[in-house]
Amino acid sequence: MKLDDSLVMSFPRKLVEHIILGLYYPINVHLVKLGGFDFSPELRQHFRRELRTWLRKIQTMRFKPSDRTGSYKFYFNLLFDYPFGGVEVRNMRLIMDQIADEYESARPTKRPEEMVEWLRRFHTELAERLHNGEDVLDLIPE
């Protein structure tokens with residue numbers, strides 16, 4: 001579903017890029033928590049709420065002066081390829097280890113290799129929808 005034009009804001013491209021670069025890490029960590037760990041319903045709801053806030057911010061940003069979205073590659077690179085490309089499993093293992101250290105009772109439900117593929121599929125769909133100016137909030141995992 002396309003976003004209503006009244007729900008978007010236009011910014012210089014560099015500012016949009018800067019904002020997304022500031023959000024890629026917490027977005028990916030929360031996605032790994034939801035997609036690769038078994039947390040209580042209360043914690044899962046907390047992670048989902050934060051993801052909704054960050055993804056809503058990204059989906060409402062457009063480039064000045066044309067009010068256009070970024071390309072698929074723009075979003076995919078900033079959110080997945082730059083932080084993971086070429087070192088996917090190593091970086092995923094580090095994130096998963098950090099989560100396990102922070103939440104002592106958290107147990108992974110996927111191996112790092114599986115999480116990389118899950119996250120790649122998520123970001124593929126996310127980048128496509130962002131490029132098309134569509135709502136992305138329903139992509140957030142339960």
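Computed from heavy atoms alone, side chains included, the values below leave out hydrogens, waters and symmetry copies.
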How about Leu23 and Leu79: do any of their side-chain heavy atoms sit closer than 4.5 Å?
no

By side-chain contact (heavy atoms from CB on, under 4.5 Å), Thr109 pairs with (sequence neighbours left out) Asp38

Between Val29 and Val32, is any pair of side-chain heavy atoms under 4.5 Å apart?
no

Mind checking salt bridge (charged side-chain N to carboxylate O under 4.0 Å, His left out) for Arg111 and listing every partner two or more places apart, or none if nothing turns up?
Glu113, Glu114

Do side-chain atoms of Lys110 reach the backbone of Gly35 as a donor and acceptor pair under 3.5 angstrom?
yes

Are Lys57 and Thr53 close enough that some pair of their side-chain heavy atoms sits under 4.5 Å apart?
no

Value for CG (Leu78) from NE2 (His123), rounded to nearest 0.5 Å, stands at 11.0 Å

For Arg49, enumerate each residue passing the side-chain contact (heavy atoms from CB on, under 4.5 Å) test, keeping only those at least two apart in sequence or located in another chain.
Gln45, His46, Arg52

Listed partners of Pro112 passing side-chain contact (heavy atoms from CB on, under 4.5 Å), at least two apart
Val89, Met92, Arg93, Met96

Name the one of Leu31, Leu126, Thr124 that satisfies side chain to side chain contact (heavy atoms under 4.5 Å, CB included) with Leu119?
Leu31

Keeping to residues at least two apart or across chains, list the side-chain hydrogen bond (donor to acceptor under 3.5 Å, both in side chains) pairs with something in residues 68-86.
none

Tabulate below the donor-acceptor pairs under 3.5 Å that side-chain atoms of residues 100-108 make, not counting sequence neighbours, or state none.
residue	atom	partner	partner atom	Å
Tyr103	OH	Lys33	NZ	3.4
Arg107	NH1	Glu104	O	3.2

All ring-ring contact (aromatic ring centres under 6.0 Å, His included) counterparts of Phe74, not counting sequence neighbours
Phe63

Please check this pair: side chain of Asn28 against backbone of Phe80, looking for a donor-acceptor N/O pair closer than 3.5 Å.
no

Grouping I, L, V, M, F, W and Y whenever their side-chain heavy atoms are under 4.5 Å apart, do Tyr24 and Leu94 come out in a common cluster?
no

To the nearest 0.5 Å, atom CG of Leu34 lies from atom CG of Leu51 at 6.0 Å

Tell me every residue that passes ring-ring contact (aromatic ring centres under 6.0 Å, His included) with His30, counting only those two or more places apart in sequence or in another chain.
Phe47, Trp54

Grouping I, L, V, M, F, W and Y whenever their side-chain heavy atoms are under 4.5 Å apart, do Leu15 and Ile20 come out in a common cluster?
yes

Are Val16 and Val8 connected in a single hydrophobic cluster, I mean Ile/Leu/Val/Met/Phe/Trp/Tyr linked by side-chain heavy atoms less than 4.5 Å apart?
no

Kindly state each residue pair satisfying side-chain hydrogen bond (donor to acceptor under 3.5 Å, both in side chains) with at least one member in residues 128-142, sequence neighbours excluded.
Arg48-Glu142, Gln59-Asp135, Glu125-Arg129, Glu128-Asn132, Arg129-Asp138

Identify the heavy atoms of Met61 and Phe11 that sit nearest to each other, and give their distance.
CG-CE1, 3.7 Å

Report yes if some heavy atom in the side chain of Leu55 is under 4.5 Å from a heavy atom in the side chain of Leu139; otherwise report no.
no

Cluster check Val87, Leu21: I/L/V/M/F/W/Y, side chain < 4.5 angstrom:
no

So which heavy atom on Ile95 is nearest to which on Phe84, and how close?
CD1-CZ, 3.7 Å

Among residues at least two apart in sequence or on other chains, which ones pass salt bridge (charged side-chain N to carboxylate O under 4.0 Å, His left out) with Glu17?
none

Spell out, yes or no, whether Leu137 and Ile19 are grouped together once hydrophobic residues are joined by side-chain heavy atoms under 4.5 Å, including indirect joins.
yes

